[in-house]
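Here the structure comes first, spelled out in structure tokens, and everything after it is commentary.
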Amino acid sequence: MTKLTAKTLFATVCTTAVLGLAALPAQAGKTVDAIKARGQLICGVNTGLAGFSAADSQGNWSGLDVDVCKAIAAAMLGDPNKVKYVPLNAQQRFTALQSGEIDILSRNTTWTLTRDASLGMHFTGTTYYDGQGFMVPAKGKIKSAKQLKGATVCVQSGTTTEKNLTDFSRANNLGIKPVVFEKQEASTSAYFSGRCQAFTTDASGLASIRNKEAKNPAEHLILPELISKEPLGPSVRRGDDEFFAIAKWVVYALIEAEEYGITQAKVDELAKSSTDPVVGRILGTTEDTGKLLGLDKSWAANAIKAVGNYGEIFERNVGPKSALGMPRGNNNLWNKGGFMYAPPVR
């Protein structure tokens, strides 16, 4: 046997081995095992932010972040209602994930280098592209964030919002005076009582708070400028690649479902009639991608049936026809001028 032939044979054997390993079903990690054993996903959410995670008087949770948890529960357990929601403030959220109190944090949390690299967590992707803004009384003279020179601004501590406010003030020599509160409810109450000239948080949060807490929403103006990038998304603990894969691919499937016209109402119909190979893969009718995640072949179909595709989730919770009335903007699909782009389910 020549040296070239030996090298070729070795390469062929290695390639075959790698492909064989790639085709193996996923082995459940400790988080996946725990979720399946208890029959419930434990999801950390906001204590109350309309459009993202809020409970009604009967204790029923709803919102964009809540729907992410419902979709994951549907994919893993076949039932979107098998979720325990743990309301967390900004200071509690990371400790709750690190300690194992929750399985996943789905709480309007910004993906940053510091959080990703030093808190023992993995962000699974972006579910809402946001940016920090300001809200002021509409009757005042402030129409731009650059007019906040020397102003008192209510802000919640332990958030990227607090640091962004300081950076913005220094960069523009505004001398803004932060009035800091540990809890969001305290900071918004202080603003609405007139203790601060402005309130700052993510633009989506401003819309939610204005709609829910202002006596008359029309009396408060959200200024046009955004002073930061705030990619919001769920996060999981490091050390369990299997659950990490499930959490991110469920969200990707919801985004790809919108791209290919798979709606909550059409899942069963498309599963029977569609000849599109991508639709077949997503719904598990032509290929079983679920075995690679340690899930049933209908994992994505179950998620979509539970909450709809990403576009439906957005419209229902925060879109123009919802109480928040947020434009789709950057959260539109990549082929419609937005940033929502999912790796292919294949």
Side-chain angles (χ1 to χ4, degrees), residues 18 21-22 24-47 52-53 64-77 82-130 158-161 163 202 229-255 289-295 299-300 303 339 341-343 345:
V18 169
L21 286 171
L24 289 175
Q27 299 298 311
K30 57 185 177 181
T31 305
V32 175
D33 285 340
I35 292 167
K36 290 184 175 180
R38 78 170 84 95
Q40 188 180 56
L41 175 73
I42 303 178
C43 178
V45 293
N46 198 301
T47 53
F52 289 85
S53 54
L64 189 149
D65 289 338
V66 169
D67 280 346
V68 169
C69 292
K70 288 182 177 180
I72 293 171
M76 295 184 69
L77 304 170
K82 290 185 175 180
V83 184
K84 176 184 177 182
Y85 298 100
V86 178
L88 302 165
N89 64 32
Q91 287 73 27
Q92 297 168 330
R93 54 184 165 172
F94 301 126
T95 303
L97 183 62
Q98 293 161 349
S99 67
E101 180 185 349
I102 58 175
D103 300 314
I104 184 169
L105 179 66
S106 187
R107 187 203 174 281
N108 58 293
T109 298
T110 302
W111 187 352
T112 69
L113 183 151
T114 301
R115 290 171 175 177
D116 197 43
S118 67
L119 296 181
M121 57 198 284
H122 280 309
F123 281 85
T124 64
T126 301
T127 52
Y128 191 94
Y129 289 95
D130 211 343
T159 61
T160 56
T161 310
K163 180 173 174 51
D202 296 343
K229 294 182 294 183
E230 306 294 332
L232 310 180
S235 56
V236 299
R237 275 184 304 283
R238 286 193 181 189
D240 195 328
D241 290 345
E242 292 75 22
F243 185 53
F244 179 39
I246 290 170
K248 65 184 176 182
W249 278 104
V250 167
V251 173
Y252 292 153
L254 298 176
I255 296 170
T289 56
K291 64 184 178 183
L292 302 176
L293 296 169
L295 302 176
W299 65 278
F339 296 158
Y341 183 108
V345 178

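Values below: every heavy atom of this structure, side chains too, minus hydrogens, waters and symmetry copies.
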Practice task
For residues P231 and T126, report the shortest heavy-atom separation together with the two atoms involved.
Solution key: CB-OG1, 3.6 Å
Completion exercise
Taken to the nearest 0.5 Å, the spacing of K229 NZ from D130 CG works out to 13.5 Å
Problem - Step-by-step side chain to side chain contact (heavy atoms under 4.5 Å, CB included) determination, W299 to T289 - result: CA-CA 9 Å; W299 65 278; T289 56; 3.0 Å; yes
Practice task
Kindly indicate whether the side chain of L97, heavy atoms from C-beta on, has any atom under 4.5 Å from the side chain of S235.
Solution key: yes
Problem - Verdict with reasoning, F52 to V45, per side chain to side chain contact (heavy atoms under 4.5 Å, CB included) - result: CA-CA 9 Å; F52 289 85; V45 293; over 6 Å; no
Problem - Atom pair CZ (F243) and CG (L293), whose distance is rounded to the nearest 0.5 Å - result: 12.0 Å
Exercise for the section: For R38, enumerate each residue passing the salt bridge (Lys or Arg N to Asp or Glu O under 4.0 Å) test, keeping only those at least two apart in sequence or located in another chain. Expected result: D103
Problem - For the student: nearest non-hydrogen atoms of T109 and L105, plus distance - result: OG1-CD2, 4.0 Å
Practice task
State whether the side chain of R115 and the backbone N or O of T110 hold a donor-acceptor pair below 3.5 Å, judged by distance alone.
Solution key: yes
Problem - R107 side-chain N/O to L88 backbone N/O, donor-acceptor pair under 3.5 Å - result: yes
Exercise for the section: Please tell me if the side chains of E101 and I42 come closer than 4.5 Å, counting only heavy atoms from C-beta onward. Expected result: no
Exercise for the section: Starting at CD of E230, measure out to OG1 of T160 and round the result to the nearest 0.5 Å. Expected result: 4.0 Å
Handout entry: Flag side-chain contact, heavy atom, 4.5 Å: D67 against L254
Key = no
Problem - Validation row: Y128, N108 side chains within 4.5 angstrom (heavy atoms) - result: no
Handout entry: Test item: M76 and L295 side chains (from C-beta on) under 4.5 Å apart, heavy atoms
Key = yes
Practice task
Please tell me if the side chains of Y85 and C69 come closer than 4.5 Å, counting only heavy atoms from C-beta onward.
Solution key: yes
Exercise for the section: To the nearest 0.5 angstrom, please state how far the OG1 atom of T124 sits from the CD1 atom of I246. Expected result: 12.0 Å
Practice task
State, yes or no, whether a side-chain contact exists between P87 and N46 at a heavy-atom distance under 4.5 Å.
Solution key: no
Completion exercise
To the nearest 0.5 Å, atom CG of L232 lies from atom CG of L64 at 9.0 Å
Practice task
List the atom of S106, the atom of V68, and the distance in Å for their closest heavy-atom pair.
Solution key: OG-CB, 3.9 Å
Exercise for the section: Over 60° means perpendicular and under 30° means parallel, so classify the ring planes of Y129 and F339, tilted if in between. Expected result: perpendicular
Practice task
Indicate the atoms forming the closest heavy-atom contact of I104 with P234, along with that distance.
Solution key: CD1-CB, 3.9 Å
Handout entry: From OG1 (T95) to CG (L119), nearest 0.5 Å
Key = 9.0 Å
Completion exercise
Correct closest heavy-atom pair for A73 and V83 would be CB-CG2, 3.5 Å
Handout entry: Any F123 side-chain heavy atom under 4.5 Å of T112 side chain
Key = no
Completion exercise
On a heavy-atom basis, the closest approach of A71 and A303 is O-CB, 3.6 Å
